[in-house]
Amino acid sequence: MKIVLIGFMGSGKTTAAPLLAEKLGLEVVEMDDMIVQKAGGKSIVDIFQAGGETAFRDLEMAVAGDLRDRNNVVISCGGGVVMSQATMDSLAQNATVVELSTAFETVLKRIHSAIPRPLFEDEAQAKALYELRQPLYSKHASIHVTTDGKSIDQVVQEIINEVQNL
Ligand code: S3P
């Protein structure tokens, strides 16, 4: 089983993934961590500063390629994976893609500066990205779970129920 979690920044992918993996007896992979590794330990912010979003997306696509044939895993993706069809093709290979969907107001409450996000510098920029990506998350996922007002346990249980109903 390969489960791929997609959704906007602050939708809860990073929090849900380890719990989901534990409950299903799967490994967990955080794509952003793999990107940092692939960049020789450079942080996400440094990758953006040195080579812009293009450099980041290239690394993201390469990591997705590495994950193409992985099995028994839950993959927590960065919010921007849907911007590249090639990245999504690799991730979606033999996978169930799950969208965590979250209202923008909730995203704003969840995102704080503890984790620097180069594409979340201000609310207007983030809102524009959010609008742009909504149809892409919908299109790429076969399971859609809303997270607003739900505990992490509820979200994870809903994903499990949906996956088992497929
Ligand atoms: C990004 C989301 C981030 C990270 C990078 C770009 C995006 O991951 O991959 O800052 O384009 O939405 P999270 O969704 O885990 O915050």
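Remember, it's 1-based here, ligands and their atoms both numbered in the order they're listed. What you see below is based on every heavy atom in this structure, not just the backbone, and it leaves out hydrogens, waters and symmetry mates.
- The Gly78 neighbourhood of ligand 1 comprises atoms 8 (O), 9 (O), 14 (O), with distances under 4.0 Å to a heavy atom of that residue.
- Between the CD atom in Glu60 and the CE atom in Met34 there is a gap of 11.5 Å [rounded to 0.5 Å].
- Counting atoms of ligand 1 from 1 in the listed order, those under 4.0 Å from a heavy atom of Arg117 are 16 (O).
- Put simply, the side chain of Glu131 never gets that close to the backbone of Lys127: no donor and acceptor are under 3.5 Å apart.
- Those atoms of ligand 1 with a heavy atom of Leu119 less than 4.0 angstrom away are 11 (O).
- Hydrophobic cluster membership is shared by Val155 and Ile160, with clusters built from Ile, Leu, Val, Met, Phe, Trp and Tyr side chains linked at under 4.5 angstrom.
- Polar contact with ligand 1: absent for Glu60 (N/O pair, distance under 3.5 Å).
- Among all protein heavy atoms, the one lying closest to atom 12 (O) of ligand 1 is Arg133 NH1, 2.6 Å.
- Shortest contact from atom 2 (C) of ligand 1 to any protein heavy atom: Gly79 N, 3.4 Å.
- Considering CG of Asn72 and CG of Leu24, their distance stands at 10.5 Å, rounded to 0.5 Å.
- With a 4.0 Å heavy-atom cut-off, ligand 1 is reached by the side chain of Phe56 but not by its N, CA, C or O.
- By the 30° and 60° cut-offs, the orientation of the rings of Phe8 relative to Phe104 is tilted.
- Residue contacts with ligand 1 do not include Met83, since none of its heavy atoms lies under 4.0 Å from the ligand.
- Any N or O atom pair closer than 3.5 Å counts here, and Gly10 shares no such pair with ligand 1.
- Of the polar atoms of Asp32, at least one N or O is found under 3.5 Å from an N or O of ligand 1, judged by distance alone.
- Counting protein heavy atoms only, atom 11 (O) of ligand 1 is closest to Arg57 NH2, 2.7 Å.
- Neither the backbone nor the side chain of Glu53 comes within contact range of ligand 1; no heavy atom lies under 4.0 Å.
- For atom 10 (O) of ligand 1, the closest non-hydrogen atom on the protein side is Pro118 CD, 3.6 Å.
- Under 4.0 angstrom from ligand 1, the non-hydrogen atoms of Lys13 all belong to its side chain.
- A donor-acceptor pair under 3.5 Å is absent between the side-chain atoms of Lys109 and the main chain of Glu105, judged by distance alone.
- No side-chain donor-acceptor contact under 3.5 Å links Lys42 to the backbone of Ile35.
- No donor-acceptor distance shorter than 3.5 angstrom exists from the side chain of Lys13 to the backbone of Ser76, with no hydrogens or angles considered.
- Cluster membership for Val163 and Leu19, using ILVMFWY side-chain heavy atoms within less than 4.5 angstrom, is shared.
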